[in-house]
Amino acid sequence: MRQYILSASAPWDDLRFSWEGVKTTMRMFNVLWNVYKFPLPYMALDGYKPAEKDGVWDPSAVEAHVKEFCREDRWLISRINSLAETVSAEMEVCNLHRATRPISTFVLDELSRWYVQLVRPRMWLEEDSVSKQQAYDTIYYCMRRLLTIMAPFAPFAAEKMYQNLRLGNDPASIHMVDWFKGVDALHDPVLEEEMQIIQNFDEAVSNARQNGKRKGRWPVSEVIVASDSDAVINAVAAMNDMACDRANARKVTAVKGLWDKLEWTAVPTMKAIGKQFGRNGPKVKAFIENTDGCSLKAALAKDGKVPFTDGDFSCELTDEHMTFTEKMPENIFGAQMDNAEVYVDVTLTDELEADGYAREIIRRIQEMRKQAGLAVDAKIAASAVIADERVTALVNSQHEVVAGEVRAESLSIEAGESGPEGAAEWDVDGLKVFISIKEKC
Amino acid sequence: MRLLKSGCSIFTAAAVSDKKIITNYRQNKYITTLFTMGNITVKEVTENYVAKDVEASVRAFWDENNTYRETRKLRANGKDWLFVDGPPYTTGYIHLGTAWNKILKDAILRYQSMNGKHIVERAGYDMHGLPIEVKVEEKLGFKNKADIEKHGVANFIEECRDFALTHKDLMSDQFRNIGTWMDFDDPYQTVDKGYIEAAWHTLKLCADKGYLERGSRVVNWCPRCGTAIADAEVEYSDETDPSIFVKFPIIGRENEYLVIWTTTPWTLPANVAVAVGAEFIYAKCRAEKDGKEELLWIAKDLAEQILKYGKYQKYDILETKTGKELAGTTYASPLADLVPIQKETEHRVVTADYVALENTGMVHIAPGHGWDDYLVGLKEHLPIICPVDGNGNFTEQAGIFAGKYVKDLETNQDVITKLGDYMLAVRKITHRYGHCWRCKTPIIYRATSQWFLKVKEVKDQMLEEISRDVTWYPDWAGSARFHDWIAEARDWCISRQRYWGIPIPIWVCPKCNKCHVVGSFEELERLPGQKMKDPHRPYVDEITIPCDCGGLMERIPDIFDVWYDSGVASWATLRYPEKKEDFERYWPADMILEGQDQTRGWFYSQLALSTMAFGKAPYKSVVMHGFALDGNGKKMSKSLGNVVAPEDVIEK
C-alpha cells in the first residue's frame with residue numbers, strides 16, 4: 001500500500017485513490033519477488049558465495065572489476081547506480097513520488113522484463129563458468145543495492161528479502177544499512193542509451209512479428225533496421241549479437257536512410273496536377289501511375305524533379321505532384337521504433353522451421369521436467385511422437401541440439417498418430433505431439 | 001535442509017525423505033540451504049509473495065529484535081535531527097489521509113536515519129477540544145451546555161478524557177500496523193500535565209512581552225456550541241435570507257426617511273448608525289404610491305430600481321447631497337417603541353469607506369453584530385449594543401423580541417412584520433454564509449469579552465521568518481498560500497467558553513480587577529498554598545489566589561482554543577520547560593510534514609506562538625501534502641460513503 005500511495009502523486013497534490021493503481025503496485029511487488037527468488041536455486045546448486053570482508057558484504061568486488069563484466073551486467077550495474085542517484089536527489093527535496101516511480105519502472109521494465117530474460121541462459125552454464133559467476137555477482141549486487149534504496153518506501157518487503165540475503169556481520173536490519181547514493185563512475189550513459197535502443201528494437205520486432213503472425217519462438221532469417229540516426233546504427237552494430245538473440249534472427253542489419261528493398265508506388269496529387277496542367281493533366285496522371293515508383297522516388301531524392309515529355313508538351317514534376325505509399329516486399333513486415341523502421345523477413349525455410357519446431361519440443365520437455373520436480377542437471381530419457389512425418393524429419397535434423405538442451409541421455413523422435421501409455425499430449429501450432437520423459441539416475 | 005554440492009542431484013540424497021522433498025516442491029514449500037556464514041543461512045524461496053504474510057512476519061521480527069529502538073540507538077552519535085509529528089485528533093479510526101500522512105513521514109525518517117542522522121521524534125496526539133466534547137455530548141444525549149452542567153462537569157470531563165485515551169490507543173495500534181517507526185509507547189499528549197504546563201509557561205512568556213490583551217470584541221459565535229470560534233473554524237455555504245429595504249425616519253422632519261438595506265432583519269434591534277459613502281451622491285426623492293407621498297433618501301443612481309421594488313408609481317428628485325453632507329443627520333429607529341434599548345440610543349449618519357454603490361448605497365450599522373460594523377463603531381465612538389446572549393437568544397434589552405432565537409426563520413419574519421409601514425420592500429437573496437465547522441449551525445457575530453494574543457504586532461516578523469529561515473517543499477507553499485494568510489492575520493482570540501481543554505491560567509480579582517498569569521504548577525501551588533489535583537476543569541477552578549487588595553482571585557472560566565494546544569507542540573514534545581537541555585540542544589524542529597489544510601492551522605498557530613514567545617520560527621523546513629480523494633476527485637467523507645480504509649487496501 002505504501003508504494004502505491006507514495007508513487008500515485010506528488011506529496012503536495014491531492015491523492016486520487018484508485019483500486020487499479022493498487023493492483024499495478026501489487027504486480028510490481030510480485031514481479032520483484034520473482035526476480036529475487038529466481039537465481040537462488042542456481043546459486044544453491046553452485047554453492048555461490050558473495051564477496052565479503054570479515055563477514056560483511058564487499059561491493060567493491062563488483063565495483064572495482066566492472067570493466068571485466070559483460071555488456072548486460074555492466075548495463076544493469078550502471079542502471080542501478082543511476083537509479084540510486086536519482087532517488088537520492090529526489091529525496092533531498094522531498095519529491096517522494098519522483099523517487100518511487102523510477103524504482104517501479106526499473107523493477108518492471110529493466111530488471112524483470114529485460115535483464116532477467118538476458119541472463120537466464122547463463123544460469124545453466126557449467127559450474128566454473130566465469131560468465132555465470134559474474135551473473136550471480138551482478139544480480140546479488142543489484143538486489144542488495146535495490147533493497148537499500150527501496151527500504152524507506154517498502155519497509156516490510158525490503159526487510160524480508162534482505163534478511164534472506166544478508167551475510168553474517170552485515171547490519172541486523174535493512175533499515176540500519178547506510179544509504180546508497182550511487183557511484184557516479186559506474187554510471188555509463190553511452191551504454192544505457194545503446195541498451196535503450198536495443199530495447200526499443202526488441203519491442204518493434206515483436207510488433208512486426210505480430211503483424212506477420214510469426215511467434216517469437218520461430219527464428220527468422222533477417223531483420224533490417226533503417227534509420228537516419230547514427231546512434232541507432234551504432235547501437236545495432238555494437239550490440240549485434242544481443243539484437244540477433246532478442247529478435248531470434250539469424251542476421252540483424254542496420255541501414256542508413258531508407259531501405260532500398262522497399263517498393264514504392266507513386267500516387268498523383270490531382271489537385272495540383274489539374275490546376276497546373278489543365279487538359280494535359282490526364283497525361284501526367286497516366287505517366288506517374290505507370291512509372292516504377294521506386295525510380296520516381298529516387299529521381300526526386302537526387303534531383304528534386306522528374307522531367308516528362310509527351311509530344312510537344314513537357315513539364316517538370318516535383319513532390320508537389322505526387323505522394324508515395326510504401327509497399328512491403330513479400331514476407332516482409334514492418335514496425336516503427338524511435339528514429340527508425342524495422343523490417344522482419346518472416347519467410348520460413350525448412351531449416352528455420354526445423355529450428356522452430358525443435359525449440360517448441362524443447363520447451364515442452366523443460367516444462368515437464370519442472371513439473372516432475374527434477375533438478376536442473378538431472379539426466380533423462382525422452383521420447384516424442386509427432387503426428388506428421390515431415391515435421392518429424394525436420395526435428396530429427398536437430399536431434400543433438402534437442403538432446404543437449406533437455407539433458408537427455410537418450411532421445412527418440414518418431415512419427416505416429418498416438419504416443420505410448422502415460423505420454424503427455426501437447427498441441428504445437430495445431431500439431432499433436434506426444435512426449436514422455438523418465439529420469440535416469 | 002542440506003548443503004548442496006554442484007552436480008549432485010537432490011534425488012541421489014537420502015532415500016526416504018526424497019519423496020517428501022518432491023511432494024514439498026510441488027506444494028511450493030521446498031527449501032534448501034544456500035550457504036552458511038556464522039549462524040546465518042540464506043534460503044532458497046519458493047513461496048509466492050503475499051503482502052499480508054510478509055508484513056506480519058516482518059512485524060514479528062521487528063518486535064522480537066526491538067529493531068526500531070536498536071536502529072535509533074545505532075545513529076545516536078550522528079547529526080541531530082528533530083522531527084515534530086503534527087498531532088492528529090483522537091476522535092476515531094485513522095483514514096487514508098492520516099495513513100498517507102504517517103507513510104510520508106515514515107519514509108522520510110527512514111531515509112534520514114539511513115543517512116546517519118540522530119533522529120529525535122515522538123508521535124503526538126491532539127486530545128482536547130470541541131470535536132471530542134460534541135462526540136461525548138452525542139453519546140450522553142445532551143443538547144447544550146445546560147445539560148452538561150446538570151450532569152456535572154467533572155463527570156463530563158472524565159468521559160472526555162476516557163474517550164480521548166481510548167481512541168489514542170486504537171490509533172497507535174493502527175499506525176504501528178502500517179509500519180510507522182515512531183515512538184508510540186511514549187507519545188506526547190496534550191492532556192498530560194507536562195504538556196499543559198508548557199502551554200501555561202508559553203502564555204506567561206507572551207503576557208510578559210505584552211502580547212496578551214483582554215477586549216470586548218466582535219467574534220464569530222456559534223449559538224449551539226455557545227462559544228467563540230476562530231476564522232479558520234468557519235465554513236461557508238449558501239443560505240437564502242430575506243433581503244429587505246427599510247425606511248428610517250429622520251428626526252425633525254415630516255415624512256422624510258433614509259432607506260437602508262439588510263439581509264439580517266434580526267440585527268435591527270442593535271442598529272446605532274447608518275453608513276454612507278462620503279463621495280456618493282444621494283437624492284431626496286418625492287415618491288408617490290396610491291395617492292400618498294413620501295420623501296426618501298437613496299443613492300441617486302440606484303433610486304429608480306429601489307422605488308420599483310417598492311411599487312411606487314412615480315417620483316421626482318427634489319434635492320441631492322453627498323454622503324459627506326448627509327453625515328450627522330439624526331434619525332429614529334422604527335422599532336423604538338418595541339425595543340427599549342433602541343429608544344435610549346441616539347442614531348446618526350456616518351461615512352465609511354467600505355460602503356459600495358449597491359442596493360440603496362446606505363448600510364445599517366450594528367457594531368455588536370458585524371466586523372466592519374464594529375470597526376466603524378470604534379472609529380465613530382458609537383455604542384456597542386449586543387442584545388443577544390450566548391445561546392443566540394435575544395436578551396431583555398430587545399424588548400418585544402426577548403427570548404427569541406435570532407437565527408430562527410420566524411424571528412426574522414417577526415421583525416419584518418413589526419416594521420410595518422417602515423418596510424419599503426421585502427425580497428430574497430441567496431448568499432454565502434458562515435457555519436460552525438463542528439455542528440454546522442449558522443454563526444452570528446457577537447460582541448463579547450474575550451482574551452486575545454496580538455499577532456498583528458508580530459506579523460512582519462513572522463513573514464520574514466518564513467521567507468528567510470524556513471525551507472518549503474514545495475516552494476510555493478510558503479511564498480504564496482501561507483504568506484497571504486499571515487499578511488491578512490487578525491489578532492487571535494484564544495479564549496473559549498467550553499469545558500474539555502487546557503484551562504487558561506489567568507486569575508482575576510473580582511474586587512480590584514487585577515489579572516495574574518500563572519506560568520507553572522509550582523507557582524500555582526505556592527501562591528494559594530493549595531494542592532492541585534489535576535490542571536483540568538473543574539478541579540483547577542477550585543483554586544483561588546489571594547490578591548494584594550485583600551480580595552480572592554478566581555480563575556477565568558475559559559479554556560484555550562485547541563489550536564493553541566498544538567501550537568506549543570514543538571517545545572512541549574521536548575518536555576520544556578520541565579527539562580531545558582533537549583530544548584536548547586535540538587529546537588527548532590528540522591522538519592515538519594502536514595497537509596495543506598494546516599496552512600491556516602498548525603503551521604500558523606505554531607509560528608505565531610513561537611514568534612511571540614521566542615522570537616523565531618519553530619521549524620526549519622516544512623513539507624506539505626494534499627488531500628486523499630476518491631477515484632472521482634471528491635474528498636473522502638463518511639456522508640458521501642466514499643471512504644476507503646487503510647485496512648481494506650492492506651487486505652487486498
Side-chain angles (χ1 to χ4, degrees), chain A residues 1-2 4-6 9-19 22 26 29-30 32-33 36-37 40-41 43-49 52 55 91 93-94 96 127 148 151-153 155-157 159-160 163-169 172-173 175-179 373-375 377-378 439 441, chain B residues 4-7 9-12 22 25-26 32-35 37-38 40 42-46 48-49 51 54-55 57-58 61 65 67 70-71 74 96 100 103-104 106-108 110-111 113-116 178-179 473-474 477 596 623-631 633 644 646 649-650 652:
Chain A
M1 175 182 71
R2 297 172 65 121
Y4 164 68
I5 283 182
L6 289 172
S9 56
W12 36 86
D13 285 334
D14 294 332
L15 171 69
R16 271 201 188 210
F17 183 82
S18 91
W19 285 108
V22 176
M26 280 310 301
F29 276 107
N30 273 310
L32 177 60
W33 188 257
Y36 147 71
K37 62 177 186 166
L40 298 178
M43 290 177 172
L45 221 54
D46 292 328
Y48 170 68
K49 278 180 167 41
E52 51 94 12
M91 280 307 284
V93 288
C94 300
L96 284 94
E127 184 192 337
T148 305
F153 316 111
F156 295 111
E159 183 79 277
K160 186 76 181 173
Q163 287 304 320
N164 199 35
L165 293 178
R166 60 173 278 250
L167 307 177
N169 288 329
S173 158
H175 303 286
M176 295 182 188
V177 170
D178 288 340
W179 183 255
L374 296 179
D377 58 350
E439 201 203 349
C441 294
Chain B
L4 286 189
K5 289 186 294 221
S6 97
S9 162
I10 302 149
F11 300 94
T12 60
I22 300 172
Y25 192 160
R26 292 211 187 99
T32 23
T33 310
L34 188 61
F35 47 83
M37 254 208 192
I40 303 294
V42 179
K43 304 182 211 47
E44 175 190 334
V45 173
T46 52
N48 289 325
Y49 180 76
V54 168
E55 288 173 18
S57 94
V58 171
F61 172 79
N65 295 286
T67 315
E70 290 296 315
T71 307
L74 175 72
L96 208 63
W100 183 26
I103 287 170
L104 287 166
D106 192 55
I108 290 183
R110 286 180 195 267
Y111 170 76
S113 165
M114 288 169 87
N115 273 284
I178 59 173
Y473 302 101
Q596 49 174 289
V623 181
M624 195 181 78
H625 66 78
F627 290 122
L629 306 172
D630 68 12
V644 178
V649 184
I650 294 171
K652 283 214 182 229

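Each chain gets a letter, A, B and so on, in the order its sequence line appears, and its residues count up from 1. None of these values were measured; they are calculated from a predicted model.
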Given that the side chain runs from C-beta out, which part of A:Ala172 has a heavy atom under 4.5 Å from chain B: side chain, backbone, both or neither?
->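 The backbone, not the side chain.
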
Candidate pair A:Thr148 and B:Met114, rule side chain to side chain contact (heavy atoms under 4.5 Å, CB included), full reasoning | CA-CA 9 Å; A:Thr148 305; B:Met114 288 169 87; 3.6 Å; yes

Find out whether A:Pro155 and B:Arg110 are in side-chain contact, i.e. whether some heavy atom of one side chain is under 4.5 Å from a heavy atom of the other.
->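 A side-chain contact under 4.5 Å exists here.
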
Rounded distance (nearest 0.5 Å) linking atom CD of A:Glu159 with atom CZ of B:Phe61 =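 Reported to 0.5 Å precision, the distance equals 5.0 Å.
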
Nearest non-hydrogen partners of A:Ala157 and B:Tyr49, listed with the distance |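 Here A:Ala157 and B:Tyr49 meet closest at CB-OH, 3.7 Å.
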
Shortest non-hydrogen contact from A:Lys160 to B:Ser57?
->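 In this case the closest contact between A:Lys160 and B:Ser57 is NZ-OG, 2.9 Å.
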
Give the ring-plane orientation class for A:Trp179 versus B:Tyr111, where under 30° counts as parallel, over 60° as perpendicular and anything between as tilted.
->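 A:Trp179 and B:Tyr111: perpendicular rings.
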
B:Ser113 portion near chain A, given a 4.5 angstrom heavy-atom threshold =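 When you check distances to chain A, only side chain atoms of B:Ser113 fall under 4.5 Å.
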
Between B:Thr71, B:Asn65, B:Thr67, which has the largest tally of heavy atom pairs under 4.5 Å with chain A?
->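 Top option by heavy-atom pairs under 4.5 Å: B:Thr71.
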
